[in-house]
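There's a structure below that I have some questions on.
All values below were derived from every heavy atom in this structure, side-chain atoms included, with hydrogens, water molecules and symmetry-related copies excluded. Just so you know, residue 1 is the first one in the sequence shown, and it goes up from there. Numbering of ligands and ligand atoms starts at 1, following listing order.
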Amino acid sequence: MTPPSLRKAAQRPRLVAVSNRVTHPRGAARGGGLAVALLDALRERGGLWFGWSGQISDHPDTRPAVVESGPIRLATMDLSQAEHDAYYNGFANRCLWPLFHLRLDLTAFDPQHYDGYMRVNRRLAGALWPLLQDDDLIWIHDYHLLPFAEALREQRAKQQIGFFLHIPFPVPEMLTALPHYRDLMRSLFSYDLLGFQTEDDVQRFRDCAVREFGAQLRGDTITAFGRRLTARAFPIGIDAREFAQIAGSPTAQQEFQRVRAHREDRTVIVGVDRLDYTKGIPERFRSVECLLDRYPDTHGQVELLQIAPTSRGEVPEYMAIRRELEQIAGNINGRYAQLDWEPIRYINRPLGRRQLAGIYRASRIGLVTPLRDGMNLVAKEYVAAQDPADPGVLVLSRFAGAARQMQSALIVNPYDNTAVADALQTARYMSLEERRNRHAALMRDLLRDDADAWREAFLEELQRCSAQREEPASPTAQAA
Ligand code: GDG
């Protein structure tokens, strides 16, 4: 007899996940939340994960390299240096990333980067096409691959294709500053389902579609360019139960001891971010400086432990933020440090996931203050790692998508150094009872809205859209 898990898998269409990078199951622990969530889905349903191998090659193969790992097939493509420069470093990370995070001042428009981006999307879609089966559910991830469905439709793909945007969707005024915004918006209408992190993102997308393209709205569906799609919020979650377990693991406990040793009486504030200008790290350092200025009882007693591994290190704006941070931390430490204490400790290397979990748990305050962020998983991981009997306090930017769900955190405006400093001081003196209450409320939601729930909600909706497409005037043909 077929075991129930396999029966369940057999009834479901195969999942094909496409993302910029593919993580081998062996590296999932390092790959972070998305990798873990996708691998779980692929294991459960069986499926294919397709994307860039992470390798640059002088003569990239036109066909993907395929490896099998249990029920999962991993299919990867190398990129040439020129492709990588234009598609990844160029259009994705110097144009779309800053623009979608409202940093028009950092946005570099370069037609060659745009052409390279479109070419890579088409080349990757062309390489995936022969691997597809008729009833596959295809799930594309993030801003690197906005036109991927359009490129697949050009190959005559009829499958259900969904897209999830991990970063915020910009206000129409910003998006329309992009010379190619019409083409990109049109290409989004090749999807059947668009998933965003928050309702605000959905609303901005709808506003743009209506204002700029006269789209018709009906419930969650939007019709424009002769195609109809569903646009909905699916706030991404983490595996909170697993993260809580990791926080109790021997490695995490070791790290906990290292952070707490000699500092039982001190307040450690932790910040963990990819080193990125959207994460508000310089503003955070300034807020800690403001805390030291306003509250002398913090001297010798409070320390910000900032972990910020280098990210996208080849992009000039990322080199600049690294220099800026080193300078600010140096200034603040120079002003306040004592022989046995420095207010800011800044680690510019990646740490292991278990180490991170132990550091979160040992830190009395989690300070998560992005200037703009799709969701921010660090806020969720910090809460999941706490000891429920004696939890720390999360101080969270109102501009993180996570703030919509995590109202029991102390919500702050990251641009307002004084307000952040005051929130930190409030967190320092918060009663055990209040800390427990806030933590319990946050943890309850994290366990309910976890990574499994996120993924299943998205895939169920994508399957449901398939029924809708069977209705008359299904416009695949018109979209081509
Ligand atoms: C994008 C969106 C959205 C960080 N340092 C280390 C390390 N990390 C891990 C964290 C966390 C992940 O990286 C960062 O996730 P975030 O959500 O905070 O931010 P982005 O990387 O910008 O992610 C974001 C996310 O996609 C998911 O949809 O929430 O808004 O921008 O998991 O723990 N992990 C390890 N060592 C480090 O030093 N192991």
Any idea which atoms of ligand 1 are less than 4.0 Å away from a heavy-atom of E381?
->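 Those atoms are 10 (C), 11 (C), 32 (O), 33 (O).
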Practice prompt. Fit a plane to each ring of Y415 and F399, take the angle between them on a 0 to 90° scale, and name the class: parallel (under 30°), tilted (30 to 60°) or perpendicular (over 60°).
Written response: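 Ring orientation, 0 to 90° scale: perpendicular.
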So for W97, does at least one of its heavy atoms come nearer than 4.0 angstrom to any atom of ligand 1?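 It does; at least one heavy atom falls under 4.0 Å.
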With heavy-atom distances below 4.0 Å as the criterion, list the atoms of ligand 1 near P309.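 Listed by number with element: 5 (N), 38 (O).
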Which option out of D373, T278, D276, L356 puts a heavy atom nearest to atom 6 (C) of ligand 1?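 Answer by nearest heavy atom: L356.
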In terms of heavy-atom contacts, does CZ of R349 have more than 12 from other residues, nucleotides or ligands at under 6.0 Å?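 Not more than 12 within 6.0 Å, no.
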> Which word best sums up how the rings of H141 and W454 line up, parallel for under 30°, tilted for 30 to 60°, or perpendicular for over 60°?
Replying inline: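 Because their plane-to-plane angle lies in the 30° to 60° range, the rings of H141 and W454 count as tilted.
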| In this structure, which one of R153, R464, R232 forms a salt bridge (charged side-chain N to carboxylate O under 4.0 Å, His left out) with D192? |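 With D192 as partner, R153, R464, R232 yield a single salt bridge (charged side-chain N to carboxylate O under 4.0 Å, His left out), made by R153.
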- Message: At less than 4.0 angstrom from any non-hydrogen atom of V378, what atoms of ligand 1 do you find?
- Response: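 Listed by number with element, the hits are 10 (C), 18 (O).
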Review point. Counting heavy atoms only, which of V272, I238, V368 comes nearest to atom 4 (C) of ligand 1?
Key: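 Among V272, I238, V368, the closest heavy atom to atom 4 (C) of ligand 1 comes from V272.
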Exercise. Go through ligand 1 atom by atom and flag the ones less than 4.0 Å from a non-hydrogen atom of P350.
Key: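 With P350 as reference, the close atoms of ligand 1 come out as 38 (O).
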* Asked: Do you see a donor-acceptor pair shorter than 3.5 Å between the side chains of S311 and R274?
  ->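 A pair is found: one side chain offers a donor N or O, the other an acceptor, under 3.5 Å apart.
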Query raised in the report: Considering distance alone, does some N or O of D273 sit under 3.5 Å from an N or O of ligand 1?
Result: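 No; every N/O pair is 3.5 Å or more apart.
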Exercise. Which one of Y143, W52, W97, Y117 satisfies the ring pair (Phe, Tyr, Trp, His ring centres under 6.0 Å) criterion with Y88?
Worked result: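 Result: among Y143, W52, W97, Y117, W52 is the only option passing the ring pair (Phe, Tyr, Trp, His ring centres under 6.0 Å) with Y88.
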**Prompt:** Does the N or O separation between G352 and ligand 1 drop below 3.5 Å for any pair?
**Reply:**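 No; the residue has no nitrogen or oxygen that sits under 3.5 Å from a nitrogen or oxygen of the ligand.
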Pair F196, F234 - check ring pair (Phe, Tyr, Trp, His ring centres under 6.0 Å), show working. CA-CA 6 Å; F196 297 91; F234 297 90; 9.3 Å; no
Does Q355 have a non-hydrogen atom less than 4.0 Å from ligand 1?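 No heavy atom of Q355 comes that close to ligand 1.
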Practice problem: Within a distance under 4.0 Å of any heavy atom of R353, pick out the atoms of ligand 1 and give their elements. | Solution: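 Under 4.0 Å from R353, ligand 1 has these atoms: 39 (N).
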>> Is it true that, when you exclude R241 itself, more than 12 heavy atoms of the residues, nucleotides or ligands shown sit nearer than 6.0 Å to its CZ?
In response: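 Count not over threshold, so no.
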Proximal ligand 1 atoms for R274, defined as those under 4.0 Å from one of its heavy atoms: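 Near R274, meaning under 4.0 Å from one of its heavy atoms, ligand 1 has 20 (P), 21 (O), 22 (O).
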So, T267 and R364: side-chain donor and acceptor under 3.5 Å apart, yes or no?
->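 Distance-only check fails for T267 and R364.
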- Using heavy-atom distances, let me know which of L351, L377, N376 sits nearest atom 37 (C) of ligand 1.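 It is L351 whose heavy atom sits nearest to atom 37 (C) of ligand 1.
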Below 4.0 angstrom from a heavy atom of G374, which ligand 1 atoms are there? Numbered from 1 as shown, please.
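Near G374, meaning under 4.0 Å from one of its heavy atoms, ligand 1 has 30 (O).
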Taking only heavy atoms of Q197 into account, list the atoms of ligand 1 that are under 4.0 Å away from them.
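Going through ligand 1 atom by atom, the ones under 4.0 Å from Q197 are 3 (C), 28 (O).
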